[in-house]
Amino acid sequence: MTKRAFLVQAIVMMFSIGAQAGESLVFHGTLAARKQCADTGSGFFAKDLGCKKLAISERACAVALNINGQGEVKSIEVEAPEAVNKGDARKAQYKTSVKGPYLYKDGFHAYSFNLDKVSSAEVKIASDGTGRVLAANLYFDHVFQTDGTRTYKQYECRNLKRVR
């Protein structure tokens, strides 16, 4: 890529981020899956030990991004009423501040954060400057087993569309 093409791309990206600066972007989606899962218990990069699907009765979910004047995501709010209905979470809505993505990949940035002592979430956001949320996974009831593995409930929020 030439310097000029890179500069044009950077300017376009800055303007698209600047247009959204200092606002809240809200996305509604549907729960694609609710699962009982297990992994090796070694943090973000734990080896998956498999999941089994669980029933879903309410499919609504939502994600809100709060963006500062520089176009950076400062806090993320996630909502999945089904988690409360099934007894997997204490409340339907969680909001937390974030310091930045933990993973940069082609096409998206991933943010991971704790919701409470036994729950966490991961939100994938398009890296094209639009702030579009691609997916959100919510993890509830992290329980470590005597062998060092961990079990948890996983909710997958997909098909997110911007509503505000």
Side-chain angles (χ1 to χ4, degrees), residues 20 23-68 71-145 147-164:
Q20 299 171 1
E23 68 177 320
S24 183
L25 307 176
V26 179
F27 298 83
H28 288 177
T30 57
L31 285 178
R34 175 178 173 256
K35 302 174 182 177
Q36 174 72 49
C37 300
D39 67 22
T40 56
S42 55
F44 292 131
F45 302 103
K47 182 180 176 195
D48 182 22
L49 297 176
C51 297
K52 69 175 185 175
K53 287 190 174 187
L54 301 172
I56 300 174
S57 55
E58 184 176 341
R59 293 197 175 268
C61 61
V63 177
L65 307 177
N66 295 303
I67 299 173
N68 69 10
E72 302 166 328
V73 176
K74 296 315 275 177
S75 68
I76 298 176
E77 200 168 325
V78 293
E79 183 175 343
E82 177 73 352
V84 174
N85 295 346
K86 297 295 185 186
D88 296 331
R90 292 188 336 257
K91 56 186 182 178
Q93 189 175 51
Y94 291 88
K95 182 177 182 177
T96 188
S97 61
V98 294
K99 297 196 184 329
Y102 82 94
L103 180 65
Y104 295 89
K105 288 274 196 179
D106 289 341
F108 73 88
H109 298 153
Y111 291 79
S112 183
F113 47 93
N114 291 331
L115 302 175
D116 58 29
K117 287 183 178 182
V118 296
S119 304
S120 62
E122 178 183 62
V123 175
K124 293 179 181 177
I125 301 170
S127 60
D128 60 4
T130 62
R132 186 171 52 95
V133 175
L134 303 173
N137 289 335
L138 299 118
Y139 308 99
F140 297 104
D141 288 337
H142 295 276
V143 178
F144 283 91
Q145 309 298 313
D147 65 358
T149 61
R150 172 179 67 167
T151 61
Y152 55 92
K153 302 277 178 42
Q154 177 176 317
Y155 288 74
E156 299 175 1
C157 186
R158 302 290 187 269
N159 302 319
L160 290 143
K161 307 262 188 278
R162 186 171 174 188
V163 294
R164 184 172 66 142

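In what follows, every heavy atom counts, from backbone to side chain, and hydrogens, waters and symmetry copies are set aside.
Atom OG1 of Thr149 sits about 9.0 Å away from atom CZ of Phe144, to the nearest 0.5 Å. Taking SG from Cys61 and CD1 from Ile56, the interatomic distance works out to 9.5 Å, rounded to the nearest 0.5 Å. Note: Leu134 CG to His109 NE2 = 10.5 Å, rounded to the nearest 0.5 Å. Rounding to the nearest 0.5 angstrom, the gap separating the OG atom in Ser119 from the CG atom in Leu138 is 9.0 Å. Of the inter-residue distances, the one linking Ser112 atom OG with Tyr139 atom OH reads 7.5 Å to the nearest 0.5 angstrom. Atom CD of residue Glu72 and atom CG of residue Leu65 lie 13.5 Å apart, to the nearest 0.5 angstrom.
Shown here for Ala62 and Cys157, the closest heavy-atom pair between the two residues is N-SG, 4.3 Å. Asn66 approaches Ser75 most closely through the heavy-atom pair ND2-OG, 2.7 Å. When all heavy atoms of Ser57 and Glu82 are compared, the closest pair comes out as N-OE2, 2.8 Å. Between Ala64 and Ser24 the shortest heavy-atom distance is CB-OG, 4.4 Å. The nearest pair of heavy atoms linking Val123 to Ala136 is CG2-CB, 4.1 Å.
Looking at residues two or more places apart in sequence or on another chain, you find a side-chain contact (heavy atoms from CB on, under 4.5 Å) between Cys37 and Lys35, Cys51, Tyr152, Gln154.
Side-chain atoms of Ser97 do not come within 3.5 Å of backbone N or O of Lys74 as any donor-acceptor pair. Proximity of a side-chain donor or acceptor of Thr130 to a complementary backbone N or O of Arg132 within less than 3.5 Å is detected.
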* Asked: Can Glu23 and Arg162 be said to form a salt bridge (charged side-chain N to carboxylate O under 4.0 Å, His left out), step by step?
  -> CA-CA 13 Å; Glu23 68 177 320; Arg162 186 171 174 188; 3.6 Å; yes

* Would you please test Arg158 and Asn137 for side-chain hydrogen bond (donor to acceptor under 3.5 Å, both in side chains) and show each step? => CA-CA 9 Å; Arg158 302 290 187 269; Asn137 289 335; 3.0 Å; yes

* Full working for side-chain contact (heavy atoms from CB on, under 4.5 Å) between Lys124 and Val133 -> CA-CA 6 Å; Lys124 293 179 181 177; Val133 175; over 6 Å; no

* Asked: Step by step, would you call Phe140 with Val118 a side-chain contact (heavy atoms from CB on, under 4.5 Å)?
  -> CA-CA 6 Å; Phe140 297 104; Val118 296; over 6 Å; no

* Test log, rule side-chain hydrogen bond (donor to acceptor under 3.5 Å, both in side chains), inputs Asn114 and Ser120 -> CA-CA 4 Å; Asn114 291 331; Ser120 62; 4.9 Å; no

* Check against side-chain contact (heavy atoms from CB on, under 4.5 Å), Thr151 and Gln145 -> CA-CA 8 Å; Thr151 61; Gln145 309 298 313; 3.3 Å; yes

* To do: Applying side-chain contact (heavy atoms from CB on, under 4.5 Å), run through Val163 and Phe27 and close with a yes or a no.
  => CA-CA 6 Å; Val163 294; Phe27 298 83; over 6 Å; no

Name every donor-acceptor pair, under 3.5 Å, that has one atom in a side chain of residues 84-91 and the other anywhere in the protein, sequence neighbours excluded.
| residue | atom | partner | partner atom | Å |
| --- | --- | --- | --- | --- |
| Asn85 | ND2 | Glu58 | OE1 | 3.0 |
| Asp88 | OD1 | Lys153 | NZ | 3.1 |
| Asp88 | OD2 | Arg34 | NE | 3.2 |
| Asp88 | OD2 | Arg34 | NH2 | 3.1 |
| Asp88 | OD2 | Tyr155 | OH | 2.4 |
| Arg90 | NH1 | Asp116 | OD2 | 3.1 |

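Side chains of Phe108 and Ile125 form no contact here, defined as non-hydrogen atoms less than 4.5 Å apart.
Glu79 and Tyr94 share no donor-acceptor pair across their side chains, judged by distance under 3.5 Å alone.
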